[in-house]
Enquirer: 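So that we are looking at the same thing, I have put the structure below in structure tokens.
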Amino acid sequence: MTYIVKPKNHHPDLERNELGLTRRDYEGSISSLCAGCGHDSISAAILEACFQLNISAHRVAKLSGIGCSSKAPAYFLNQAHGFNSVHGRMPSIATGANLANHELMYLGISGDGDTASIGIGQFVHAARRQLNVVYIVENNGTYGLTKGQFSATNDLESKSKYGEDNLFPPIDLAAMAIQLGASFVARSFSGDKNQLIPLLKASMKHKGFSFLDVISPCVAFNNHSTSTKSYDYIREHNESVSETDFVPLGKEITASYDEGESVQVPLHDGSLISLEKLSKDFDPSNKSSSLAKINKAEEEGKVLTGLLYINTEAKDLKEILNVVDKPLNQLNEKDLCPGTKKLKEINKDLS
Amino acid sequence: MTYIVKPKNHHPDLERNELGLTRRDYEGSISSLCAGCGHDSISAAILEACFQLNISAHRVAKLSGIGCSSKAPAYFLNQAHGFNSVHGRMPSIATGANLANHELMYLGISGDGDTASIGIGQFVHAARRQLNVVYIVENNGTYGLTKGQFSATNDLESKSKYGEDNLFPPIDLAAMAIQLGASFVARSFSGDKNQLIPLLKASMKHKGFSFLDVISPCVAFNNHSTSTKSYDYIREHNESVSETDFVPLGKEITASYDEGESVQVPLHDGSLISLEKLSKDFDPSNKSSSLAKINKAEEEGKVLTGLLYINTEAKDLKEILNVVDKPLNQLNEKDLCPGTKKLKEINKDLS
Amino acid sequence: MTQIVSTNEFVIKFANVNGSGSASANQMFAKGIFRSGVPVSPKNIFPSNIQGLPTWFEVRISEKGYLGRTEGVDIAVAMNPQSYNEDLREINSGGYLIYDSSWKRDFERTDINIIEIPLTKLCVEEFSNPKTRLLFKNIVYVGALSYLLGMDKEIYETLIAEQFKGKEKLIAPNIKALNIGYDYASENLKGSCEIKVNKSEKTKGMILTSGNDASGLGCVYGGATVCAWYPITPSTSLAEAFTDYSEKLRIEEETNKNKYAIIQAEDELAAIGMAIGANWNGARAFTATSGPGISLMSEFLGLAYFAEVPLVVFDIQRGGPSTGMPTRTQQSDVLSCAYASHGDTKHVLLIPSNPKECFEFAAEAFDLADRIQTPIIILSDLDLGMNDWSCPEFEWDDSKTYDKGKVLHAKDLEEIENFGRYLDVDGDGIPYRTYPGAHSEKGAYFTRGTSHDEYARYTEDGVVNARNLSRLLKKYQTASDMVPGPIFNQETNSSPLGVIYFGSTEASMQEALDKLHEEGIVLDAMRIRAFPFNLEVWEFIEDHDLLFIVEQNRDGQMRTLVMAEGGIIPDKLVSILCFDGQPITADFISNKMSSHITGSPSKSASGGK
Amino acid sequence: MTQIVSTNEFVIKFANVNGSGSASANQMFAKGIFRSGVPVSPKNIFPSNIQGLPTWFEVRISEKGYLGRTEGVDIAVAMNPQSYNEDLREINSGGYLIYDSSWKRDFERTDINIIEIPLTKLCVEEFSNPKTRLLFKNIVYVGALSYLLGMDKEIYETLIAEQFKGKEKLIAPNIKALNIGYDYASENLKGSCEIKVNKSEKTKGMILTSGNDASGLGCVYGGATVCAWYPITPSTSLAEAFTDYSEKLRIEEETNKNKYAIIQAEDELAAIGMAIGANWNGARAFTATSGPGISLMSEFLGLAYFAEVPLVVFDIQRGGPSTGMPTRTQQSDVLSCAYASHGDTKHVLLIPSNPKECFEFAAEAFDLADRIQTPIIILSDLDLGMNDWSCPEFEWDDSKTYDKGKVLHAKDLEEIENFGRYLDVDGDGIPYRTYPGAHSEKGAYFTRGTSHDEYARYTEDGVVNARNLSRLLKKYQTASDMVPGPIFNQETNSSPLGVIYFGSTEASMQEALDKLHEEGIVLDAMRIRAFPFNLEVWEFIEDHDLLFIVEQNRDGQMRTLVMAEGGIIPDKLVSILCFDGQPITADFISNKMSSHITGSPSKSASGGK
Ligand SMILES: Cc1ncc(C[n+]2csc(CCOP(=O)(O)OP(=O)(O)O)c2C)c(N)n1
Ligand SMILES: Cc1ncc(C[n+]2csc(CCOP(=O)(O)OP(=O)(O)O)c2C)c(N)n1
Ligand code: SF4
Ligand code: SF4
Ligand SMILES: [Mg+2]
Ligand SMILES: [Mg+2]
């Protein structure tokens, strides 16, 4: 947790956007996540994207499930309503909320446990229905809040903080979203603001299901076997006491690299993650070739980042359902109640 | 329902397999499904596959969720235990059962409602875990038992019996299974015994997650707008009364065509389904090319059938978990209880 | 041979094969009686199957207005050889059996009257298409019945014309089928039936509709705009009714767009989640389900309770536990709804007893949900939900406005210093809420299922949380004054004995009370319509020495609620329990009560008959 | 300045920052006291967070054996500036505050004794790596405490050696840290603390362990082979304990393979489904969860009840409703577990009160599940599950064999004419079952959640189904004789007043009774250990005029169960309710009872303090 001092996002406080707002106006409560948690970097990127897009914070609704990642919405956009619902069920809350008022922007924040395990069903169907939401999975390969169990996106060969092997292959949520027809699918890294912020902005502008799989290292529990020496001592120490309750203070991990490039990023524990950024000339409009590229990279042990797939033609849920333009939550008895006259006709039909 | 007379599967009753059993020994109770329901054809094919493979019926466990399809296990292999569980949760029952005794063969029968909607989460994770089960979805694009709502595998453009449009794209369960790492994925048609029985036999021999997506027309509710004249009258009649409770007696729909060929099969209502059988030289061992082929066929409005993907190297769940070879349900206190001596040591450690 | 002689008081039961199109014809038959001015209660007893299994359609005709189910059949229309034996057994002595005599057969009973109609033969002669023939057979027997019962055939001709409006070419063959039956009977069956339907005026001001249709319409009138549901018998037809009525009543004229959104969710968890999301965002939203769905929804019900999100849930109860008897009726979700979800939770239940109340409670539920900011569960059941009931016409007051409860809009917020989402400003336990997007600087808060303080801030301070939990109890207390009060069968109490009942049991209760009265036993009766119970409920209990509680479940769940919430002496409360999945009958109720009063020692008259 | 003077009776509370490694050190501190022969009860009060929020560790030391939580702190080890104010407030007058005086400060209270230890400075001097330094700070204060309390330092040296067995290079620096603290205190803090720990023999024959660890071990001893679970505080450590113990005790030597299978499921619905599938197939399987999981599992619980599949479920209760207070304790899932699922269902509950019972009930649960063929829910809570308790050693009888209940194997089947899965052959309501694959021609049947007859055949005959439901009630009656009976605090009853309690409340009950005794109030006490209640429970209630029911929930859920199931007069049952998420204290109990007895008018002494 970044107690008392909130990290300033290295920008002059006083810059104002077209709404006349400063970045401070987009802040949330003080984060209670671990120092150096990738999720905090994502919050900062969301803040920045909203600032740059001149979004009125109160016209955003922040929705989440349960987990460290799902707490994150409390730490940005204080002027936006938030709904920290139950584990894995954010998509249904987002669906209902969106139908009630399609004029707000819906930011759905979830974790890999929240989405890939308990919530996979709702994820699948929200994607299929083209729900107009920016759906971000803050993907750390672990269950942060419940102390480091494997999530279903964890790499096959990795080990837990407790030294156990992960036995099952990862679910690639981005590939699934593409297969299911989501109209915007991207992947990025919490520490790569240069890539993440533009992708966030694009997703916020996109209509339909916008999915962002953001790799977001966990300081506390993402502890691969390849760790460098520096952390060994603490890990060993921790493993041999009954409570593994020590979390070293970490720093935000950053990475900056160009399109078409690969880079190896060291994580908190010294292990490496290989990121590969899609090249400029990649055409993200073809489902099969996107899938092939993702799967090929995976076979090579690389994580492909960038805009993986986009379809700008797709209708969103509200359009598919042919719902009126005035938000449903603003309709009143005049709009909605058919009244006595109609009721008399109905009575007649039924008699 | 095929009341009183059970259709004989057009085979001489007295033929015996290596166990000395006739096909009669593999029968189940009298089906209560609609006459002509594709699910009954699948039951017959399962019966035939078990007969041909000389499987002892009582060494099979039949597991299902809820739906017309999920009732089907009652209509074959009477000597096998069955478990008609709750809606969408067959995979978890199968997982537990398999862990308790890996020596039985597990046949999981589900419907497209049961699997693609409420059960999609358990489907995803059973596939990912490489559960050793033959998982059959009897796919009719509709919720048969609850009277004809759309399922999530229904084609985008189709209409319900009640004249409503299906608004959402279908989920391709086979493509999902491949993406998730299932080690055997096939698709077939209930009326194509020539293709279905061999695929069933292969899946029963395969170790790991074997998924079969079997298109299985519903007599009662699969009523496309392209219906031929002959049914028009009844449909219109039905639509204009309050209870749509008339189900014409249908006949089993069959189709027989060669590898590499396409065929158009008329359904009960006269609409057409385009099936395309994979050619002999298709290599089903490459994930990306299988996916590309499936998605391409779909774009062309065709349903690709055949063995779509196979990986014969994969370990199954029991192996992954490194479980002893003796079935867990046969271990007794001698095998399992550490006894007083160990307990004293533990007491010591805790004091 | 004796013949039952009766006018406007009898039971006719159709035995058919499922999927043969009989339900529509049988329903039309019942409607014809209703149109003749005689109250009817048709009950569709169908299997959990689509085609081929036995299905029954039982119609009670009662000018007196006794519309509960009753044992024994006066006329059996036996169209299904599979169930001949069973059907035969149920016929009252002197009653009638009508069957398809295309295949003649002998029946074992000699104390009943056999009426033969060669239905298949008649159809084969007149209709060439074998598929449609099956359908028309049903209409043919309706025609024959209209003659046998001495009814006005025109009523059915009108009904056919109404039914096939817009598909006119279907009218002629149907009327032809009707006449085939009518004519055959008039030519061959004169005097063979002494049960008659005489025109009456008793259905004036009444309608014939199902609880689910009425509830769906109630949701339209109550201002629901979002419906998220997952198919499950017997709740499906409620969502369908909402869909149908919305399509008719809620299209924006200029744009042809929908003033509503209906989603068939991927499961019950998603369905309730969507309804919660929409209500949170200020729209009126509901879901409809049955027992298994309630179980699946319990986590979310707890969230809505604790985060105080309005929500309307219909539970159309069916036979439990587990998948149970999906096409049979029960009242066995009382406890699981009242206390749904882990932790200390209590939910508001509304329990309608007839379609008119279904309509009213549905509409009312949205006001209540918004006012109390909590889930409102409407407990109906298969019998009430799926069967047509003769009931008073729907009424509506055009001056009614929707009460959205304590909502602060932008203007209100401007005037407020210190908005606290969970502050008990008015002392009634009900706080104020805001809609997302209401104001650029004020009113935003974080909704959560975790413990929170008055300002919706996360807290792990147990005392703060306990304060919040206690306020929720106070709110619950407030709710008891808002929900519909009980209905009494008498103007003033006149007996030390009372009976408590609820829901679809109403159909049989007055008949049971009248029967007891004939035996000289007088009881005061109270129908509970909501939980939490309000003062009138407690007063009635207080005022009586012994009370029966009639329930259609095994465990006496309402009795548990009454005891637990009211501190009532258990010995005072005697259960009358029917849980065989059939609607409870007046005979069952009166017999159990009478034998208890006149000396049976058993404290709890339970049983599945 | 007064100083509290006490030996072997005091409370010490550590205030730390979450994620700083303090819990391990604090636990070691408590273990050291236990090793000195004095009973302790350490309680970890942690936030729902991983790093940075305040966390506390409260240790009650009591030679008398009063191990419930108590208000007020004698020694505060305040390591977290965030919570200084709060921590300061709680210290009893004359008590001690120990803080890290590397940054000196003044504290407002003058009635307490401030003990300064420059922990950070001491560490900076001795440990170069800033990351490990943080960890050692905790060990340093343990060293200092061991001096201040007059303890044998060697005990801690031994503990360190044990803890780092296999990682010997970690031993030396830890011992060094210990000595830094010890030496600093002996040099600078002589005489500054009058609270002492003297060696005693009171922990002879006792162990210090948590309920979850004990339950996990009980599952190993009880023969569980399949564990399917989904992480949720506070149940996670139970599955982890089962994993750890299995890895140690259950590897097949020859092959190095596992005689068990553990699956972290994708959610709670899958977890319970897996456990049901495995039990159905004849293995012993369980799942562990907390409130939200119980809600999600309710549909499957109904299936297991109705299809009669054995099943063991641990519910480690936390603060509800909804996500509630995930790291706080409550007993608020009593009703939702007892009546889990829609329809008429009743489940068997086992309610352990200490780790030894957790061990025993866990092992016993598998026999009970197999014998009764129904879900057994073990209701524990966060306090019991996650905290270490001083309790008697585990015991086991090597002659014990697993009772797998009424199972027919191939041989048995050979001899049976007519196997009926749901036939009540023995008249106790419990039928016979077979395992899949048992016999090539006999014994196969179809398990289902739909209504079925005695031969497991699907039926829609309501009377047949009602017969089955009634048999389930009979089975439930049988179960009441099989489950563990209540425990009484007295040999014979001697008061018209009684108190009923259950679960972790035990820790405070005897102390409360003793306190009341001092006031001259004598009560008989009964601890309920299972539901359905057996005869002894009813007799105890019968034998008393007034009974308190002490519960850690808001709604008096156990009282509801007692009333509903036993027909007990509500006025006889007075609720004592604590629901602030902290373990209930003896003071709370005795004060509430005493004020009720000596004249407070309130019938229900509820409140979150
Ligand atoms: C129904 C339910 N089951 C389990 C939990 C416990 N739980 C809380 S957070 C969490 C996992 C979160 O993992 P993830 O979504 O990856 O978030 P992270 O903490 O890693 O950001 C779990 C299992 C819960 N709150 N509710
Ligand atoms: C929890 C729950 N929700 C809903 C239902 C109602 N239901 C029964 S079958 C079914 C759909 C079955 O569709 P599918 O799996 O495609 O089977 P089909 O009948 O088409 O073969 C539904 C929704 C149920 N039994 N349980
Ligand atoms: S535990 Fe991991 S995911 Fe959670 S806040 Fe800490 S670093 Fe972030
Ligand atoms: S309704 Fe459809 S799926 Fe069900 S039995 Fe009939 S044909 Fe088959
Ligand atoms: Mg995670
Ligand atoms: Mg289907």
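The sequence lines fix the lettering, A, B, ..., with proteins before strands; numbering per chain opens at 1.
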Enquirer: For the residue pair Asp398(C) and Lys341(A), establish whether any side-chain heavy-atom pair is separated by less than 4.5 Å.
Expert: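 They are not in side-chain contact.
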Enquirer: Side chains of Phe300(C) and Ile93(A), heavy atoms from C-beta outward: is any pair under 4.5 Å?
Expert: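 Side chain of Phe300(C) against side chain of Ile93(A), heavy atoms only: contact under 4.5 Å found.
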Enquirer: Would you mind checking which part of Thr434(C) comes under 4.5 Å of any heavy atom in chain A, side chain (CB onward), backbone (N, CA, C, O), both or neither?
Expert: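 For Thr434(C), heavy atoms of backbone and side chain both lie under 4.5 Å from chain A.
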Enquirer: Should the pair Arg129(A)-Glu266(C) be classified as a salt bridge under the 4.0 Å nitrogen-to-oxygen rule?
Expert: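 Here Arg129(A) pairs with Glu266(C) in a salt bridge, since their nearest N and O are under 4.0 Å apart.
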Enquirer: What residue in Pro436(C), Ala283(C), Ala438(C) has the most heavy-atom pairs under 4.5 Å with chain A?
Expert: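 Of the candidates given, the most pairs with chain A belong to Pro436(C).
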Enquirer: Sort out for me which residue in Thr209(C), Val220(C), Ile207(C), Leu217(C) forms a side chain to side chain contact (heavy atoms under 4.5 Å, CB included) with Ile346(A).
Expert: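 So, applying the side chain to side chain contact (heavy atoms under 4.5 Å, CB included) to Ile346(A) and each of Thr209(C), Val220(C), Ile207(C), Leu217(C), only Leu217(C) qualifies.
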Enquirer: Would the number of heavy atoms belonging to other residues, nucleotides or ligands and lying under 6.0 Å from CD of Glu247(C) be above 12?
Expert: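 Count over threshold, so yes.
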Enquirer: Sort Lys31(C) into side chain, backbone, both or neither according to what part of it lies under 4.5 angstrom from a heavy atom of chain A.
Expert: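 Just the side chain, heavy atoms under 4.5 Å.
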Enquirer: At a heavy-atom separation under 4.5 Å, does Ala80(A) approach chain C through its side chain, its backbone, both, or neither?
Expert: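 It is the backbone, since no side chain atom gets that close.
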Enquirer: Does Thr340(A) reach the side chain of Asp397(C), with side-chain heavy atoms less than 4.5 Å apart?
Expert: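 They are not in side-chain contact.
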Enquirer: Heavy-atom pairs under 4.5 Å with chain A - which of Gly449(C), Ala275(C), Gly443(C), Ala363(C) has more of them than the others?
Expert: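 Highest number of heavy-atom pairs under 4.5 Å: Gly443(C).
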Enquirer: Could you look at Phe359(C) and say if it's the side chain, the backbone, both or neither that has a heavy atom under 4.5 Å from chain A?
Expert: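 For Phe359(C), the side chain is the part near chain A, not the backbone.
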Enquirer: Counting only non-hydrogen atoms closer than 4.5 Å, does Leu104(A) touch chain C with its backbone (N, CA, C, O), its side chain (CB onward), both, or neither?
Expert: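 The side chain, not the backbone.
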Enquirer: Once you measure the plane-to-plane angle for His81(A) and Tyr445(C), does it fall in the parallel (<30°), tilted (30-60°) or perpendicular (>60°) bin?
Expert: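 Perpendicular, since the angle between the ring planes exceeds 60°.
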Enquirer: Relative to chain C, which segment of Pro73(A) carries a heavy atom at a distance below 4.5 Å: side chain, backbone, both, or neither?
Expert: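 Answer is both: backbone and side chain atoms of Pro73(A) are under 4.5 Å from chain C.
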Enquirer: In the structure I gave you, are the side-chain heavy atoms of Leu99(A) and Met274(C) within less than 4.5 Å of one another anywhere?
Expert: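 Sidechains of Met274(C) and Leu99(A): no contact.
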Enquirer: Could you tell me if Tyr106(A) and Asn281(C) have a donor-acceptor pair between their side chains, going purely by distance under 3.5 Å?
Expert: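 Per modelled atom types, Asn281(C) and Tyr106(A) side chains form a pair under 3.5 Å.
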Enquirer: Quick one, His58(A) and His439(C) - any side-chain contact, counting heavy atoms below 4.5 Å?
Expert: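 Not in contact.
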Enquirer: Counting only heavy atoms closer than 4.5 Å, note whether Ser56(A) contacts chain C via side chain, backbone, both or neither.
Expert: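 Contact with chain C involves no heavy atom of Ser56(A) at all.
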Enquirer: State, with a plain yes or no, whether a side-chain heavy atom of Lys71(A) is found less than 4.5 Å away from one of Tyr458(C).
Expert: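 No, every pair of side-chain atoms sits at 4.5 Å or beyond.
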Enquirer: Go through the atoms of Asp25(A) and report whether side chain, backbone, both or neither lie under 4.5 Å from a heavy atom of chain C.
Expert: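 Contact with chain C is absent: no heavy atom of Asp25(A) under 4.5 Å.
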Enquirer: Looking at side-chain heavy atoms only, is the closest gap between Phe34(C) and Ser351(A) below 4.5 Å?
Expert: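 SC-SC contact between Phe34(C) and Ser351(A) confirmed.
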Enquirer: Starting from the C-alpha separation in whole Å, work towards a yes-or-no answer on side chain to side chain contact (heavy atoms under 4.5 Å, CB included) for Tyr221(C) and Lys342(A).
Expert: CA-CA 10 Å; Tyr221(C) 272 75; Lys342(A) 281 277 173 208; 3.6 Å; yes
Enquirer: Using heavy-atom distances under 4.5 Å, tell me whether Thr401(C) contacts chain A through its side chain, its backbone, both, or neither.
Expert: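 It is both, since atoms from each part get that close.
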Enquirer: With a 4.5 angstrom heavy-atom cut-off, is it the side chain or the backbone of Ile66(A) that approaches chain C, or both, or neither?
Expert: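 Neither part.
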